[in-house]
There are 2 protein chains.
Amino acid sequence: MQEIKRRSQKERSDTMRAALVAAGRDLFIRNGFAATGTPDIVAAAGVTRGALYHHFQDKTDLFAAVVEAEAEAIAAEIDASGSIGLTPRETLIQGGEAFLAAMRSPGRARLMLVEAPAVLGVDRLARIDAATGGRTLELALQEVGIEAPGPLAALLSAAYDRAALAIDLGQPPGPWRAALNHLVRGAIR
Amino acid sequence: MQEIKRRSQKERSDTMRAALVAAGRDLFIRNGFAATGTPDIVAAAGVTRGALYHHFQDKTDLFAAVVEAEAEAIAAEIDASGSIGLTPRETLIQGGEAFLAAMRSPGRARLMLVEAPAVLGVDRLARIDAATGGRTLELALQEVGIEAPGPLAALLSAAYDRAALAIDLGQPPGPWRAALNHLVRGAIR
DNA sequence: TTGCATACATACATCCTGTATGTTAATTAC
DNA sequence: GTAATTAACATACAGGATGTATGTATGCAA
C-alpha cells in the first residue's frame with residue numbers, strides 16, 4: 001500500500017538527485033552561485049545537507065551538474081528547432097536564432113555565460129558544452145568553406161553570447177539580431 | 001628623522017589603499033576572487049583586516065577598486081600605442097591589436113573578462129569600462145559609416161575578449177588574430 | 001595643549017563549508 | 001526467511017571566513 005516505502009534505491013536516488021539539481025538551478029539563477037548557500041538549496045528541496053553531500057562532492061560539483069543539465073536542455077531546444085533542407089548559410093543564421101530563442105529562458109544567460117565560466121573555469125565549461133552540442137557552429141562554418149573554422153566559430157559564438165546576455169538583461173532583441181546578422185554575413189562573405 | 005612618523009594622514013591613507021589594491025590584484029589574479037580570503041590579502045600587504053575594512057566597505061568593494069585600476073591601466077596602454085594619422089579602418093584594426101597586446105599581461109584576461117562580470121555584475125562592469133575607455137570601438141565604427149554602431153561594437157568587443165581569453169589560456173595568438181581580422185573586415189565591408 | 005577625527009588593530013558574533021558519525025531502509029547472501 | 005551488508009540519507013562537529021563593534025594611537029585643528 002505504502003508506495004513511498006516501496007521505492008527502489010535507484011529510483012529514490014535519482015529523484016533526490018534531480019530534486020537537488022532543480023532546487024540548485026532555481027536558486028543559482030535567482031541569487032547566483034556565491035550568494036546561494038547549501039542550506040538554502042537543501043531547504044528548497046526539503047531535505048538536509050547530508051543528502052547533498054551524499055550525491056555531490058561539494059557545492060561546485062552540484063553547480064556543475066546544474067550547468068550540464070542546462071546545457072543539455074539548451075542543446076535539445078536548438079535541435080528541436082533545426083529545420084532540414086536549408087543552405088549552409090541559412091542553417092547558420094537559423095541556428096543562431098534558435099540559440100537566442102533558447103537563451104531567453106530568464107536568467108539562463110547569466111547562469112551559463114557569466115556564472116559558469118567563473119565558477120567552473122573557462123576550459124571546463126568549454127568541455128561541457130563541447131560534449132553537448134557546441135560544435136555545430138564550427139561544422140556549419142566548415143560547410144560554407146571557411147579554412148580554419150575553429151577560432152572564427154569561437155568568436156561568433158562569443159558574439160552570440162554577448163547578444164543573449166544583453167537580451168537577458170532586458171534590452172530589446174531587434175538591434176542585436178540585426179548586428180549579429182551583419183556580423184555573420186560579413187564573416188561568411 | 002623618522003620620516004615614517006612624519007607622513008601626513010592623506011599620504012598614509014593613499015599608500016595603504018594602494019598597497020591593499022596591489023595585494024588584492026596579485027591574489028585575485030593568482031587564485032581568483034572566491035579562493036582569496038581577506039586574511040590572505042592583508043597578510044600580503046603586511047597589515048590587518050582592520051585596514052581593509054577601513055578603506056573599503058567589503059571584499060567586493062576592494063575587488064571593484066582592483067578592477068577599476070586595471071581598466072585604467074589597460075586604457076592607458078591602449079592610448080599609448082594609438083598611432084595618429086591612420087584611416088578609420090586601420091585605426092580599428094590597430095586598436096584591436098593594442099587591446100590584445102594589453103591583455104597579454106598574465107591573468108589579466110581572466111580577471112577582467114571572467115571574474116569581474118561574475119563578481120560585480122555585467123552592468124556594473126560595463127559602467128566601469130565605459131568610464132575608462134570602452135567607447136573607442138563604437139566611435140571607430142561610427143567613423144566607417146556603421147548606422148547603429150552600439151550593438152555591433154559590443155559584439156566585436158566580445159569577440160576580442162574571447163580571443164584575449166584564449167591567448168591568456170596559452171593558445172597561440174596567430175589564428176585568433178587572423179579570425180579577428182576576418183571578422184572585422186567583414187563587418188566593415 | 002586640549003579636543004576631535006582619522007587610521008588603523010583587536011576582539012567578537014555569525015554563517016558557511018566540508019567531514020565524521022549515526023540511523024534507517026533496501027539489497028544481497030546464505 | 002533471516003542475517004549481513006550496503007546505500008541513502010540525517011545529525012553533529014570542526015575549521016575558517018566575513019563583517020562589525022570596540023579599542024588605541026597618531027595627526028590635525030582650535
Side-chain angles (χ1 to χ4, degrees), chain A residues 1-24 26-28 30-67 115 118-121, chain B residues 1-24 26-28 30-67 115 118-121:
Chain A
M1 287 299 154
Q2 310 226 357
E3 41 206 316
I4 294 178
K5 306 187 70 174
R6 291 244 169 230
R7 288 194 306 180
S8 78
Q9 296 265 60
K10 170 169 172 51
E11 187 180 359
R12 188 160 92 116
S13 184
D14 286 353
T15 57
M16 171 61 76
R17 196 188 138 98
L20 288 169
V21 169
D26 181 40
L27 289 168
F28 287 145
R30 281 227 299 272
N31 307 328
F33 178 79
T36 300
T38 51
D40 307 338
I41 299 171
V42 297
V47 290
T48 67
R49 295 175 60 247
L52 197 160
Y53 282 90
H54 175 74
H55 285 278
F56 303 95
Q57 282 199 335
D58 50 18
K59 188 182 153 189
T60 302
D61 192 33
L62 167 63
F63 183 80
V66 169
V67 168
E115 298 266 287
V119 175
L120 302 178
Chain B
M1 292 297 156
Q2 313 224 355
E3 41 204 319
I4 294 177
K5 305 187 73 174
R6 290 240 171 232
R7 288 192 306 179
S8 78
Q9 296 263 60
K10 172 171 171 47
E11 187 180 358
R12 187 159 94 115
S13 184
D14 287 353
T15 56
M16 172 60 77
R17 196 188 138 96
L20 288 170
V21 169
D26 181 39
L27 289 168
F28 287 145
R30 281 228 299 271
N31 307 328
F33 177 79
T36 300
T38 52
D40 307 338
I41 299 171
V42 297
V47 290
T48 67
R49 295 175 60 247
L52 196 160
Y53 282 91
H54 175 73
H55 285 278
F56 303 96
Q57 282 199 335
D58 51 18
K59 188 182 152 187
T60 302
D61 192 33
L62 167 64
F63 183 79
V66 169
V67 168
E115 297 265 286
V119 174
L120 302 178

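Sequence lines set the chain letters: A, B, ... in the order given, protein chains first and strands last, and positions in each chain run from 1. Keep in mind that the numbers below use all heavy atoms, side chains included, and drop hydrogens, waters and symmetry copies. In this text the structure is predicted, and so the values were computed from the model without any measurement.
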Query raised in the report: Checking all strands, does B:T48 fall into the base, sugar-phosphate, or nothing category for heavy-atom contacts under 4.0 angstrom?
Result: base
Requested in this report: Mind checking A:T36 for me? I need base, sugar-phosphate or nothing, with any heavy atom below 4.0 Å counting as a touch.
Outcome: sugar-phosphate
At their closest point, which heavy atom of [X] faces which heavy atom of [Y], and how far apart are they?
X     : Y     : result
B:A34 : B:K59 : O-NZ, 4.0 Å
B:V21 : B:A65 : CG2-CB, 4.1 Å
B:N31 : B:A35 : O-CB, 3.2 Å
A:L20 : A:I41 : O-CG2, 4.1 Å

Rounded to the nearest Å, what distance is computed from the [atom1] atom of residue [X] to the [atom2] atom of nucleotide [N]?
X     : N      : atom1 : atom2 : value
B:K10 : D:dT26 : NZ    : C1'   : 18 Å
A:K59 : C:dC15 : NZ    : P     : 16 Å
B:E11 : C:dA7  : CD    : P     : 13 Å
B:D58 : C:dC15 : CG    : P     : 17 Å
B:L62 : D:dA17 : CG    : P     : 16 Å
A:L52 : D:dT11 : CG    : P     : 15 Å
A:Y53 : C:dG18 : OH    : P     : 4 Å
B:D40 : D:dT18 : CG    : C1'   : 13 Å

Is the shortest side-chain N/O distance from [X] to OP1 or OP2 of [N] below 4.0 Å?
X     : N      : result
B:H54 : C:dA7  : yes
B:T38 : D:dT18 : yes
B:H55 : C:dC8  : yes

Requested in this report: Evaluate the side-chain proximity of A:T48 to A:V42: yes if any heavy-atom separation is below 4.5 Å, no if none is.
Outcome: no
Of the options [options], whose atoms approach the side-chain atoms of [X] most closely?
X     : options               : result
A:A51 : D:dG19, C:dA7, D:dC9  : D:dC9
B:R49 : D:dA8, D:dT18, C:dC8  : D:dT18
A:M16 : D:dG19, D:dC9, C:dA9  : D:dC9
A:S8  : C:dC8, C:dT27, D:dG19 : C:dT27

Query raised in the report: So which one's nearest nucleotide on DNA chain D is more toward 5', B:G50 or A:S13?
Result: A:S13
